[in-house]
There are 2 protein chains.
Amino acid sequence: MNAGPATGRPSTKERIVTAGAELFRRQGYTGTGLKQIVAAADAPFGSVYHFFPGGKEQLGAEVVRTSGAAYGRLFTAAMEAAPDPVTGVRDFFAGAARTLVETGYADACPIATLALEVASTNEPLRQATAEVFTGWITLGTAAFAAAGIGARPARELTIVLLAALEGAFVLARALRSTEPLEAAGESVAARASALLGSPDAGRG
Amino acid sequence: MNAGPATGRPSTKERIVTAGAELFRRQGYTGTGLKQIVAAADAPFGSVYHFFPGGKEQLGAEVVRTSGAAYGRLFTAAMEAAPDPVTGVRDFFAGAARTLVETGYADACPIATLALEVASTNEPLRQATAEVFTGWITLGTAAFAAAGIGARPARELTIVLLAALEGAFVLARALRSTEPLEAAGESVAARASALLGSPDAGRG
DNA sequence: ATCGTTCTTGATAGATCGCTCTAGCGATAG
DNA sequence: CTATCGCTAGAGCGATCTATCAAGAACGAT
């Protein structure tokens, strides 16, 4: 498996976080064991407690923050690459749908499964997920505000976007269909379009 | 243990399903042990395997179907009690927000946590969640169609409603705030209003 | 009263969980 | 060389998990 070419292999800690992120996202927090993570990361078990003295919980928190930040950058990139926010929204939902299909409906939101699991059972992890969501809201609000939408509606639009995206992920993974992502994306695009005046009325 | 009051106590099987529903909803599927369920249900451990020979998985499937059907009736009741669909949507989201606050942000969607957990790891349970979601879509589509919306947009509106609701639950539980439910509810109400002509433009 | 069925009961098996612990490797400093 | 330090390495602990099993209680039918 490992083989071990000396060239450019990520550090043990990075491999653990990466493997943890992938497994938590697909199977949830309680559904993923540390032994499974180190096996996937091709790392020794003891290294987990070397890098994360706080154990599984600390690893979970780091995974949440790391993959949350990465997903935020994905959103920002989509918005910046698009000619206007409405197109940006459409592209982002379309990209999410593509990823979902390509991974067999496994890779959706990197933290949603964990977030629901820990919301009422693990306060430190709940806070980590809250910080990520808050960061995304700030990010989106800024992006829409930069396009000329007022601060208040920009924030509302961002929250609606995130809710529609997360919920569409839930439905899409369960139904094994991209229809929810398409409907949600079109709905959010239409609302963004309305808030921008109406340079692009969409076909919704 | 059991004893007691001969008067009107639910059957052992019912108590197990009820306790399982509450715990799965709050802690997820893998995060809830059978022992915890029978303790909460005040039932003997062996009874689980008497009523559910298929074990935890069969219990999970029954819980999903039972609480999924109950939640569907809740939606239908809200829509039928309201004078028009737009008000019905608003009332439904407002009721969900109230329940969430009253339970300390614990009781949101009865099956969403489990749905995300099992979507890529347990095919029978994934199918159970898919059937529930499909049932809700059918229900909502019929309700909106009855109010005069065409079949195709009624289905799209229902999917957007469910996605917005589920996603708002994710954000609300993590952030411990009802803001996502309010924004999502208003957004869906506005879309419903637009599809109905515009008897109720909302304040969105 | 005797049987058969349904349901209750909890001890226990076997596997896996998160976590601790000690030993050792390899590179760098004195 | 020896010493130190960051990291690797995995055996093993107690707890907990799902699941099985055998025995007994409750109850209707005959």
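Sequence lines set the chain letters: A, B, ... in the order given, protein chains first and strands last, and positions in each chain run from 1.
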Qualifying side-chain hydrogen bond (donor to acceptor under 3.5 Å, both in side chains) pairs, either residue in residues 49-58 of chain A, two or more places apart = A:Glu57-A:Asn122

task = Scan side-chain atoms only and decide if A:Gln127 and A:Glu123 contain a donor-acceptor pair under the 3.5 Å cut-off.
result = yes

query = C:dT6 P sits how many Å from B:Lys13 NZ, rounded?
reply = 13 Å

ask   = In whole angstrom, what separates B:Glu14's CD from C:dC7's P?
value = 12 Å

task = Give a yes or no answer on whether the side chain of A:Thr32 reaches the backbone of A:Gly28 with a donor-acceptor pair at less than 3.5 Å.
result = yes

query = Which pairs pass side-chain hydrogen bond (donor to acceptor under 3.5 Å, both in side chains) with one or both residues in residues 132-155 of chain B, sequence neighbours excluded?
reply = A:Glu179-B:Arg155

Within residues 15-27 of chain A: residues closer than 4.0 Å to DNA chain D (heavy atoms) = none

query = For A:Ala189, does its backbone N or O pair with a side-chain atom of A:Arg90 as donor and acceptor, under 3.5 Å?
reply = no

message = We want to know whether B:Thr121 and A:Arg26 form a side-chain donor-acceptor pair, criterion being a heavy-atom distance below 3.5 angstrom.
response = no

query = Mind checking what makes ring-ring contact (aromatic ring centres under 6.0 Å, His included) contact with A:Phe169, not counting sequence neighbours?
reply = none

request  = Give the rounded distance in Å between these two atoms: CZ of A:Phe52 and C1' of C:dT20.
outcome  = 18 Å

query = Counting just side-chain N and O atoms, does A:Ser47 come under 4.0 Å of either OP1 or OP2 of D:dC7?
reply = no

task = Report the distance from atom CG of B:Asp42 to atom P of C:dG10, rounded to the nearest whole Å.
result = 10 Å

key: Pair A:Thr66, A:Glu62: side-chain N/O donor-acceptor within cut-off below 3.5 Å   = no

query = Looking at DNA chain C, which of residues 115-127 of chain A put a heavy atom within less than 4.0 Å of it?
reply = none

inquiry  = A side-chain contact here means heavy atoms from C-beta on lying under 4.5 Å apart; do A:Ile37 and A:Phe24 qualify?
reply    = yes

ask   = Counting only heavy atoms not in B:Arg98, do more than 12 sit closer than 6.0 Å to its CZ atom?
value = no

query = Quick one: what's the B/S/- string for nucleotides 17-27 of chain D, heavy-atom cutoff under 4.0 Å, read 5' to 3'?
reply = -BBB-------

Step-by-step side-chain contact (heavy atoms from CB on, under 4.5 Å) determination, A:Thr129 to A:Leu125 = CA-CA 6 Å; A:Thr129 63; A:Leu125 282 181; 5.6 Å; no

message = Below the 4.0 Å mark, does D:dC7 have OP1 or OP2 next to a side-chain nitrogen or oxygen of A:Thr12?
response = no

